[in-house]
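Just so it is clear: chains get the letters A, B, ... in the order the sequence lines come, proteins before strands, and each one is counted from 1.
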There are 2 protein chains.
Amino acid sequence: MNNDARAPTLKDVAAHCGVSVISASRVMRDAPNVSKSLREKVERSAQIIGYKRNRIAGALRGQATDLIAVIVPSMSNHVFPNIVDGIDDALQGSQLRVVLGMSKYNDINEEAILRDMLTWNPAGVILSGLEHSEKTKEMLSYFSGPIVEVMDTDGESIDMAVGISMAEAGILIAQHLVAKGYKRIAYVGAWGERPKRSVKRRVAFEAELIRLKTPLVTSVILDGESSLERGAKGIKQLLERGIDLDAVFFANDDLALGALFYCQANDIRVPDEIALAGFNGIEMCQSISPRLTTVSTPRYEIGRLAGELVRKHIGRTEIPDRKVFPLNLELIEGSTT
Amino acid sequence: MNNDARAPTLKDVAAHCGVSVISASRVMRDAPNVSKSLREKVERSAQIIGYKRNRIAGALRGQATDLIAVIVPSMSNHVFPNIVDGIDDALQGSQLRVVLGMSKYNDINEEAILRDMLTWNPAGVILSGLEHSEKTKEMLSYFSGPIVEVMDTDGESIDMAVGISMAEAGILIAQHLVAKGYKRIAYVGAWGERPKRSVKRRVAFEAELIRLKTPLVTSVILDGESSLERGAKGIKQLLERGIDLDAVFFANDDLALGALFYCQANDIRVPDEIALAGFNGIEMCQSISPRLTTVSTPRYEIGRLAGELVRKHIGRTEIPDRKVFPLNLELIEGSTT
DNA sequence: ATCATAATTGACAACGATACCAATATAGAT
DNA sequence: ATCTATATTGGTATCGTTGTCAATTATGAT
């Protein structure tokens, strides 16, 4: 609030204790080759005159910042907050900081945010998904720090990728439903199938169903972002078509839960009349009854590993050779299938 | 990845089109008093040689950055992701960017993160809650940009505060429960009552119950972060005490929903045997059946307003006189009371 | 055509920290 | 005591941009 005069600089600290500016600098950033007495002197002076580091200046000279640009589609869902939590935890104890941007599931927004963030000379970049605009890819090809794409490992990564195989997820659910004896299977997606990775999941799901001689009967792709309400709408639309169905796979748990609640409210027995399966494994799935069958995705771990990879690359310690890190999926069998 | 030679600077742009560096600078940052021809020349050159602004350098000279330091407790809950979404939306179209830190509900972490973030000379600061360490307050007293504390408006704010009255929330629920005829009321909290604002809510709740001649019968404060599971544990503990109860107020919806599911699984009729009420109004409350009675908090709007305030202060346009902005709470009457 | 005013452009010096290299002090070996 | 190797300190230039003020050019009024 009050900001009388200007903030003290290294020069002031140095003058205060009669050493050179560069020595003060070394103390402040824990550089090697500093005697104990010098360190104490400088630290005391800094303390007294209330010196605060100015990273901007340091970054200009040193060329690199301690900022990690993280671009996710949105925070208002169950996936990305967990990823961001994981990233931040992995960065704990380092000087690295997350600079966050939200693309609203739009490649052009992503591009604009990235362009802006690159002007800060970040030390690393974390994006979501493997699909980006051409411009985005071009900008990143000139970027010299580590780049991690999170969530999806089915495809070409720019640098590193940490996530899960969307195809595997689709296959897992397909196999589960068929093994359980369901024969008339439908699919419900949302948001015009954004992001792209949900398409990969659906396509693999459909292909596996065909392989298992139980082809998909029908599907609904809703408009707008996934929500419980939209899941209810999805199952309603599906049932109103009058097609004989015995199981539905939803693009995510929010949709599936919404459908489950719809069924409960309308006395449609799950799974006797219709079986429901979701995707993500959010906490809610396990707590409600009946428990929802779903594929759980290690969201926090994805973020955590992404953060660790960035950190290791920046520290240049034990840089792994691998570029793609698919983490394990787990089918959680509830009572809705 | 490849970063051959160094990135082109303003000097390179200027040299390329034969103007002075400062003129190129003016074009790049849309400064006034630039002729159309100059603008075109410079923009074309910048385009050709692939010039990218270096905000670090600009920030060093200009003293202020376009970074907004945002410190929240955690992303893995239903409150803060919405707030961050709101902040980011409010900042859309400006150059301002969110730099995120997570305190894990710990004042000392908050202090350390803030100390680190201030070295980046942010243009504004957004914190959660009104309770901070002394050091934190001291650091902020020297900070010259806007400071917004989000979530809670019951108390002294450092600069501005946007949120809700925790006391009002407690009172609303107390009045509702009493009006509904409940007489033997209990409370369940978690996380050792972190953050502090949950205490304010509980205290106001208890005080109002006393005023209404229906004092709180008992309460349980659980360890660890709120979750569905812990809510189930809470109601279980409460019921096992064998005390006669007819309603329970939970510190948040996660706990309340967990309790609801526990009751459903154990054939405890809600609200006949016991009524349940939560706090926050997460989407799930309205979709399950029975719908959960709760107080809905305008989380996105809080973030949005906080972002707008910061933006206005930085732009020095229409700075509002008000310092505290309590937003409206809404009691959502479900079927669990 | 002349002058006053406004619009446009440029020169220079910062902003604060750190990389690089040189100078000095200290310790250890003989 | 002398010399070498090492640890510690200091001086200077520089990172890329922009604020300030001065110089130049265009515009309009008389």
Rounded to the Å, how far apart are B:R55 CZ and C:dC15 P? 22 Å

Check this for me: A:K11, atom NZ, are more than 12 non-hydrogen atoms of other residues, nucleotides or ligands nearer than 6.0 Å? no

For B:K104, does the NZ atom sit with more than 12 other heavy atoms under 6.0 Å from it, leaving out its own atoms? yes

A:S25 side-chain N/O to C:dA17 phosphate OP1/OP2 under 4.0 Å: no

Under a 4.0 Å N-O cut-off, is there an ion pair linking B:K135 with B:D107? no

Just the rounded figure in Å: distance from P of C:dG16 to CH2 of B:W120. 16 Å

Please pick, from D:dT17, D:dG10, D:dT8, the nucleotide with the shortest atom-to-atom distance to any side-chain atom of A:S35. D:dT8

For A:R304, give me all partners under salt bridge (charged side-chain N to carboxylate O under 4.0 Å, His left out), at least two apart in sequence or on another chain. A:E308

Which of the following nucleotides, C:dT9, C:dG16, D:dA7, is nearest to the side chain of A:N33? D:dA7

Whole-Å distance separating the CG atom of B:D30 from the C1' atom of C:dT8: 16 Å

Take atom NZ of B:K36 and atom P of C:dA7, then tell me their distance rounded to the nearest Å. 18 Å

With the side chain of B:V21 defined as its heavy atoms from C-beta on, choose the nearest nucleotide among C:dA17, D:dG11, D:dT17. D:dT17

Of the nucleotides C:dG10, D:dT9, C:dC20, which has the atom closest to the A:I22 side chain? C:dC20

Describe the nucleic acid contact of B:L38 in one word from base, sugar-phosphate, nothing, applying a heavy-atom distance below 4.0 Å. sugar-phosphate

C:dT9, C:dA19, D:dG11: which one has an atom nearest the side-chain heavy atoms of A:R29? C:dA19

How long is the line joining CG of A:L10 and P of C:dT18, in whole Å? 6 Å

Starting from P on C:dG16, measure out to CG on B:N121 and report it in whole angstrom. 9 Å

For residues 145-154 of chain B, which side-chain N or O atoms pair as donor and acceptor with protein atoms under 3.5 Å away, sequence neighbours left out?
residue	atom	partner	partner atom	Å
B:E149	OE1	B:I158	N	2.7
B:E149	OE2	B:H132	NE2	2.8
B:D152	OD1	B:D154	N	2.9
B:D152	OD2	B:K200	NZ	2.4
B:T153	OG1	B:I164	O	3.2
B:D154	OD1	B:S165	OG	3.0
B:D154	OD2	B:S165	OG	3.4
B:D154	OD2	B:M166	N	2.8
B:D154	OD2	B:A167	N	2.8

Does anything in residues 111-119 of chain B come within less than 4.0 Å of DNA chain C? Heavy atoms only, and list the residues if so. none

Closer than 3.5 angstrom, by distance alone: can the side chain of B:R311 be matched with the main-chain N or O of B:A90 as a donor-acceptor pair? yes

Do we see a donor-acceptor contact under 3.5 Å between the side chains of B:S76 and A:N82? yes

Distance check needed: C:dA14 C1' versus A:L60 CG, whole Å only. 12 Å

Starting at atom CZ of B:R61, determine the distance to atom C1' of D:dC15, rounded to an integer number of angstrom. 14 Å

Below 4.0 angstrom from OP1 or OP2 of D:dG10, is there any side-chain N or O of A:S20? yes

If you check every side-chain atom of B:Y51, which of D:dT17, C:dA17, C:dG10 has the closest atom? D:dT17

If you pin A:R26 and A:K11 to their nearest nucleotides in DNA chain C, which one's is more 5'? A:K11

Quick one: does A:R53 reach the base of C:dG16 with a side-chain donor-acceptor pair under 3.5 Å? no

Say whether, by atom type as modelled, one donor and one acceptor occur between the side chain of A:S128 and the main chain of A:V72 under 3.5 angstrom. no

